[in-house]
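Read the structure below first, then the notes.
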Amino acid sequence: MAQSTPPTDRLYVGTYSTRGSEGIYVVELNRQTGELRQTGSAKNDLNPSFLALHPTKRFLYAGNEGSKGLNAVAAYAINAKTGNLTLLNQQPAQGGGPCYISLDKTGKLAFTAAYGGGAFNAFAVEADGKIGPSVKAEMYHGSNAANPRQDAPHAHSATVSPDGKTVYVCDLGNDRVYQYAIDASSKTPVTPLNPAFVTVKAESGPRHMAISANGKFAYLVEELSSSVATFSRNTKTGNLTLLQDGVQTLPVSFTGRSKNTSADIHLDPSGRFLYQSNRGLDALSVLQVEADGKLTLLGHTPTGGKTPRNFWMDPRGEFIIVANQMTDNLVSFRRDAKTGLLTPTGHELKIPSPVCVISGQ
């Protein structure tokens, strides 16, 4: 009897252009075993660190953090059968180092956060998938002299709400989260909410966000304090209200606290568990989400490498794939849906300087 083909998922991996990286990698996950296999790549030597998939799944976008002053957003067409990428076009992005990219739910707008210049950009996306002209570019201002990492504004992410009505921009340099309403059909598709931003503890360093599927709660990585903040979210207006701040994600006994920085954050599909990557501890912190949206720390899972950055949360909730930047490896874990805890599958894949993993189908 012929054996059936194991079910697989396609993933895309963004990297920094170092240690022989080819750029963007196409990876296959075997859902039976957790094995990871490279199936292709797209040459890009401009640090294509963060990636986003178009809602139609026909196009992929990369934030090229650049080299030699080149900072841009790149658009690719996806071969539906192989997953291979073909470059469509690029557009320059305001600010230095666009380290994050996302799309609105209609697929008509793309958003970037530029860390180096503290800038938020919004671009039109054409019907053929190409990146169109800029429709908004906002340069942030301010700094915190008490912390060298906050010497200037540092926009680190632009997260779109599940209902597609709001985008939130995290500014590590000013301990702020900026809030914008989205209307892709309007002549002014991105407009600030009132208030225009919410503030968290000084020297916490907002980085990435995760928003519950029902849109009622939002969770913020505080990179510099290795903590997480919890917000309630008004589903009508999009406004955030702080519920918890400075929830620690490190073990009490950890002695390297001053050198640890938090990176990425994701909710599981049920919304009952939250995961946050910690560089220094080199582990994922696992937190339980209570009925009121507040968090309780459950435990930690070593990531099988050094400097875990972004990680992929399986939409089915069965796997997590972690990108360990400094040890050049992706590592796969199985999730226990009841406890939220993780177990290594025993499989990893060598990729130079991986920093972002997203779904590709």
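Sequence positions, counted from 1, serve as the residue numbers for this chain. Computed over heavy atoms, backbone and side chain alike; hydrogens, waters and symmetry mates excluded.
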### Task
Take Phe50 and Val355 through the test side-chain contact (heavy atoms from CB on, under 4.5 Å) and record every step on the way to the result.
CA-CA 7 Å; Phe50 211 88; Val355 292; over 6 Å; no

For this session: I would like to know whether Thr159 and Val167 meet side-chain contact (heavy atoms from CB on, under 4.5 Å); could you show each step before the answer?
Result: CA-CA 5 Å; Thr159 305; Val167 58; 5.8 Å; no

The test is side-chain contact (heavy atoms from CB on, under 4.5 Å); show your working for Asn64 and Asn71 and say whether it passes. CA-CA 6 Å; Asn64 292 339; Asn71 300 288; over 6 Å; no

| said: Set out, in order, the CA-CA distance, both residues' side-chain angles and the distance that settles side-chain contact (heavy atoms from CB on, under 4.5 Å) for Ser232 and Lys216, then state yes or no. | reply: CA-CA 6 Å; Ser232 63; Lys216 293 183 178 181; over 6 Å; no

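The nearest pair of heavy atoms linking Thr15 to Pro354 is CG2-CA, 4.1 Å. Closest heavy-atom contact between Leu349 and Arg37: CD2-C, 4.2 Å. Minimum heavy-atom separation, Leu87 to Ala74: CD1-CB, 4.1 Å. Contact record, Gly83 with Val26: O-CG2, 3.7 Å, taken as the closest heavy-atom pair. The shortest non-hydrogen separation linking Pro308 to Ala263 is O-CB, 3.8 Å. Heavy atoms only, all atoms of each residue included: Ser225 and Gln248 are closest at O-NE2, 3.2 Å.
At a threshold of 4.5 Å between non-hydrogen side-chain atoms, the residues Ser359 and Trp312 count as touching. Residues Asn147 and Leu224 have side chains in contact (heavy-atom distance under 4.5 Å, counting atoms from C-beta outward). The shortest side-chain heavy-atom distance between Val200 and Pro206 falls under the 4.5 Å cut-off. The closest side-chain heavy-atom distance from Arg19 to Asp328 is below 4.5 Å. Looking at heavy atoms from C-beta onward, Arg272 lies out of side-chain contact with Val289 at the 4.5 angstrom threshold. Contact annotation: the side chain of Tyr76 never approaches that of Leu88 to less than 4.5 Å [non-hydrogen atoms, C-beta and beyond]. The closest side-chain heavy-atom distance from Val221 to Met209 is not below 4.5 Å. Within the 4.5 Å cutoff, no side-chain heavy atoms of Ile182 are placed close to those of Lys165.
Salt bridge Arg233/Asp163: present, at least one basic N to carboxylate O contact under 4.0 Å. By the 4.0 Å N-to-carboxylate-O rule, Glu138 lies close enough to Lys136 to be salt-bridged with it. Comment: Lys43 does not engage Glu22 in a salt bridge, judged by the lack of any side-chain N to carboxylate O separation of less than 4.0 angstrom. With respect to the salt-bridge test (charged N to carboxylate O, under 4.0 angstrom), the residues Glu203 and Arg149 do not qualify. In summary, Lys201 and Asp175 do not engage in a salt bridge, as defined by a charged side-chain N under 4.0 Å from a carboxylate O. Looking at Arg309 and Asp264, no side-chain N of the basic residue comes within less than 4.0 Å of a carboxylate O on the acidic one, giving no salt bridge.
Using cut-offs of 30° and 60° on the angle between ring planes, the pair His154 and Tyr115 is parallel. Note: Tyr140 and Tyr178 have parallel aromatic rings, judged against thresholds of 30 and 60 degrees for the angle between ring planes.
No side-chain donor from either of Asp151 and Ser143 sits under 3.5 Å from a side-chain acceptor of the other. There is no side-chain donor-acceptor pair under 3.5 Å between Gln150 and Asn174. In this structure, a donor-acceptor pair under 3.5 Å is present between the side chains of Asn278 and Asn260. Between Gln94 and Ser134, the side chains place no donor N or O within less than 3.5 Å of an acceptor N or O (distance only, hydrogens not considered). A side-chain donor from one of Ser262 and Gln276 sits under 3.5 Å from a side-chain acceptor of the other. For Thr18 and Ser353, the side-chain atoms include no donor-acceptor pair closer than 3.5 Å. When only modelled atom types and interatomic distance are considered, His54 and Thr56 share a side-chain donor-acceptor pair under 3.5 Å. A donor-acceptor contact closer than 3.5 angstrom is absent between the side chains of Thr307 and Arg279.
A continuous path of hydrophobic side-chain contacts links Val169 to Val135 [ILVMFWY only; heavy atoms under 4.5 Å]. One hydrophobic cluster holds both Leu11 and Phe319 under the rule that ILVMFWY side chains link at heavy-atom gaps under 4.5 Å. Each of Val13 and Leu53 belongs to its own hydrophobic cluster when Ile, Leu, Val, Met, Phe, Trp and Tyr are linked at side-chain heavy-atom distances under 4.5 angstrom. Grouping the Ile, Leu, Val, Met, Phe, Trp and Tyr side chains by contacts below 4.5 angstrom, directly or via other members, places Met313 with Val322. Transitive grouping of hydrophobic side chains (ILVMFWY, heavy atoms separated by less than 4.5 Å) keeps Val160 and Ile101 in distinct clusters.
At distances below 3.5 Å, at least one donor-acceptor pair connects side-chain atoms of Thr345 with backbone N or O atoms of Ser332. Checking side-chain atoms of Ser41 against main-chain N and O of Ile24 turns up no donor-acceptor pair under 3.5 Å. Remark: the backbone N or O of Pro352 is not paired with any side-chain donor or acceptor of Tyr16 at under 3.5 angstrom. Proximity of a side-chain donor or acceptor of Tyr275 to a complementary backbone N or O of Gly340 within less than 3.5 Å is detected. One N or O on the side chain of Asn329 and one on the backbone of Gly304 form a donor-acceptor pair closer than 3.5 Å. The main-chain N or O of Leu220 is never found under 3.5 Å from a side-chain atom of His208 such that the two would form a donor-acceptor pair. Put simply, the side chain of Asn324 never gets that close to the backbone of Thr327: no donor and acceptor are under 3.5 Å apart. Although no hydrogens or angles enter the test, the distance criterion places a donor-acceptor pair under 3.5 Å between the side chain of Gln179 and the main chain of Pro195. For the pair Thr230 (side chain) and Gln244 (backbone), a donor-acceptor distance under 3.5 Å is absent. A donor-acceptor pair under 3.5 Å is absent between the side-chain atoms of Glu65 and the main chain of Ser49, judged by distance alone.
A salt bridge (Lys or Arg N to Asp or Glu O under 4.0 Å) with Asp314 holds for exactly one of Arg335, Arg31, Arg334; it is Arg31.
Checked against side chain to side chain contact (heavy atoms under 4.5 Å, CB included), Gln91 has the following partners two or more places apart in sequence or in another chain: Asn89, Phe123, Ile131.
Under a cut-off of 6.0 angstrom, the local environment of NZ in Lys57 is sparse, with at most 12 non-hydrogen atoms contributed by other residues, nucleotides or ligands.
Under the 6.0 Å cut-off for aromatic ring centres, Tyr180 and Phe120 qualify, their centroids lying closer than that. Taking the ring centroids of Tyr100 and His156, they lie at or beyond the 6.0 Å cut-off.
If you take OG1 on Thr8 and CG on Asn30, they are separated by 7.5 Å, rounding to the nearest 0.5 Å. Summarising the geometry, atom CG belonging to Leu103 is positioned 9.5 Å from atom CG belonging to Leu60; distances are rounded to the nearest 0.5 Å. Distance check, rounded to the nearest 0.5 Å: CG of Leu287 to CG of Leu284 gives 11.0 Å. Taking CG from Leu243 and OH from Tyr219, the interatomic distance works out to 8.0 Å, rounded to the nearest 0.5 Å. Here the CD1 atom belonging to Ile265 is positioned 10.0 Å from the OG atom belonging to Ser285, to the nearest 0.5 angstrom.
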